[in-house]
Amino acid sequence: MAMLGGPLAPYASDPAQGRGRRHPEAPAPTRNDYQRDRDRIVHSTAFRRLVYKTQVFLNHEGDLFRTRLTHTLEVAQLGRSIARSLGLHEDLVEAIALAHDLGHTPFGHAGQDVLQACMAAHGGFEHNLQSLRVVDVLEQRYPAFDGLNLTFETREGILKHCALRVARWIEQHEPGGVGARFLARSQPSLEAQLANLADEIAYNAHDVDDGVRSGLITLGQLGDLRLIARFRDEALAEYPALAQGPQRRLLFETLRRMLSAQVYDVIRHTRTALQQHAPADAQAVRQAPPLVGFSEAMRADSAELKRFLMRRLYRHPVVMDTTERAKRVLRELFEIYVDRPQEMPADYAASPLRERAVADYIAGMTDRFAIREHVRLTGTRLFRSTD
Ligand code: MG
């Protein structure tokens, strides 16, 4: 099967046919609209903070673990690579991938759980929606508007999930906008579907790598998983010496083969789905079922790996201990800022929607800034010094 990319496919998103920006702007002389979105994202403040935000392991626990930034770059790499092969718009996939975690709280999912609980009575908190809020409202760099004024297609991709209640709220403020598809139960662009899947492919592989590096899971345990066993056996059959040396090289080769197999599986399966449904253009994609995906077998194997990671890594006692301390840091910060908004920068303190302003402020923090603020405001140090 030929997998190298060619020209843009008819069902790809074409910036010339896009729905544009909320505040009209003249086109850039040398860049298409999705390149321009990508550049705005890379230059944003929220993007730079990703380097000091947790993926699974706290940023300062080791220099070699993924951070939100390196995770984001891996998602962009996988997304672009698959997009090129399928004739999708690489720049759009890249823009969505680079922005997809901008709204992530410090301390990974622990942070999201805390803000969800704290905001339950104040409109809720959800990290996809927060990523959209970052690019729509919170970044303040342009004289004529708040946010980055990204195209509809990039914003649509950033909002990958959305509760119906929230979709109705968005629909009121932006009729026919990025909330509409959740109400109509239609699909986003193929590029958005792809960025979403690239996220999953990236974290499954790199969480295995980081998990083994941390010592919390072993290659031996992973051998019970179909996906890992298959590629480990393949690697050993081709390079029997890998059984003797340090296990890291065997792990790398196993993961490398797994990543490649998943990428090729997505390309093959998606090509077949595109042939079957034959969407005439990017608009027709939205009325079709989801078209970018794994084959049935790969989906089952990937789900098995995900379940393993959930049980053995994300809920490992060592990770849970960090998680509990991280939750306490953010919960206490939330209470203190609601009580004493003057502890926040003036523009947050002045907001009439106090809880929302506090959630925005906390969500934007890096891990180490949250830890420092917590020490400053409570005198209690729950994590070792990060300076
Ligand atoms: Mg992600």
Side-chain angles (χ1 to χ4, degrees), residues 37-38 41-42 44 46-59 65-83 90 92-116 125-135 138 150 154-162 178 188-211 255 258-259 262-263 266 290 292-294 299 302-303 305-310 313-314 319 323 326 363-367:
D37 281 359
R38 175 202 59 204
I41 291 159
V42 169
S44 69
F47 186 78
R48 284 194 296 284
R49 289 185 180 142
L50 292 175
V51 70
Y52 295 116
K53 288 194 176 198
T54 291
Q55 183 65 25
V56 172
F57 294 93
L58 289 202
N59 182 259
F65 294 124
R66 267 69 176 186
T67 67
R68 268 281 149 213
L69 180 63
T70 59
H71 159 70
T72 291
L73 296 176
E74 289 182 40
V75 176
Q77 178 269 315
L78 287 166
R80 286 191 61 163
S81 182
I82 299 171
E90 269 183 73
L92 177 56
V93 176
E94 187 182 22
I96 296 169
L98 293 178
H100 88 280
D101 271 347
L102 288 181
H104 234 294
T105 59
F107 307 121
H109 284 278
Q112 143 127 337
D113 291 348
V114 169
L115 286 188
Q116 263 169 356
F125 181 90
E126 207 285 312
H127 79 262
N128 291 308
L129 192 61
Q130 190 69 12
S131 295
L132 187 66
R133 194 166 155 73
V134 167
V135 301
L138 297 178
L150 303 181
T154 300
R155 296 176 58 244
E156 168 193 58
I158 292 172
L159 191 62
K160 78 179 163 192
H161 306 295
C162 177
V178 291
S189 70
L190 294 171
E191 287 81 359
Q193 296 180 37
L194 174 53
N196 192 5
L197 188 59
D199 186 23
E200 180 181 330
I201 297 175
Y203 66 66
N204 276 336
H206 66 50
D207 288 354
V208 169
D209 184 14
D210 281 355
L255 291 179
M258 180 180 93
L259 269 180
Q262 293 197 317
V263 165
V266 170
V292 178
F294 284 136
R299 189 168 33 229
S302 175
L305 173 57
K306 266 172 125 159
R307 284 194 300 274
F308 172 90
L309 287 171
M310 180 57 79
L313 183 61
Y314 309 143
V319 174
T323 299
M365 290 179 180
T366 61
D367 295 1

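This is a predicted model, so every value here is computed, not measured. Counting convention: from 1, in listed order, for ligands and their atoms alike.
Remark: side-chain polar atoms of T67 are not paired, donor with acceptor, to backbone N or O of T54 under 3.5 angstrom. Of the possible donor and acceptor atoms, none in the side chain of D101 sits under 3.5 Å from a partner among the backbone N and O of R68. At least one donor-acceptor pair under 3.5 Å links the side chain of Q193 to the backbone N or O of V292. A distance-only check finds a donor-acceptor pair linking the side chain of R49 to the backbone of G364 [under 3.5 Å].
The minimum distance between the Mg ion (ligand 1) and any N, O or S atom of D199 involves atom OD1. For D101, the N/O/S atom at the shortest distance from the Mg ion (ligand 1) is named OD2.
The NE2 atom of H71 and the NE2 atom of H100 meet at the Mg ion (ligand 1) at an angle of about 90°, given to 10°.
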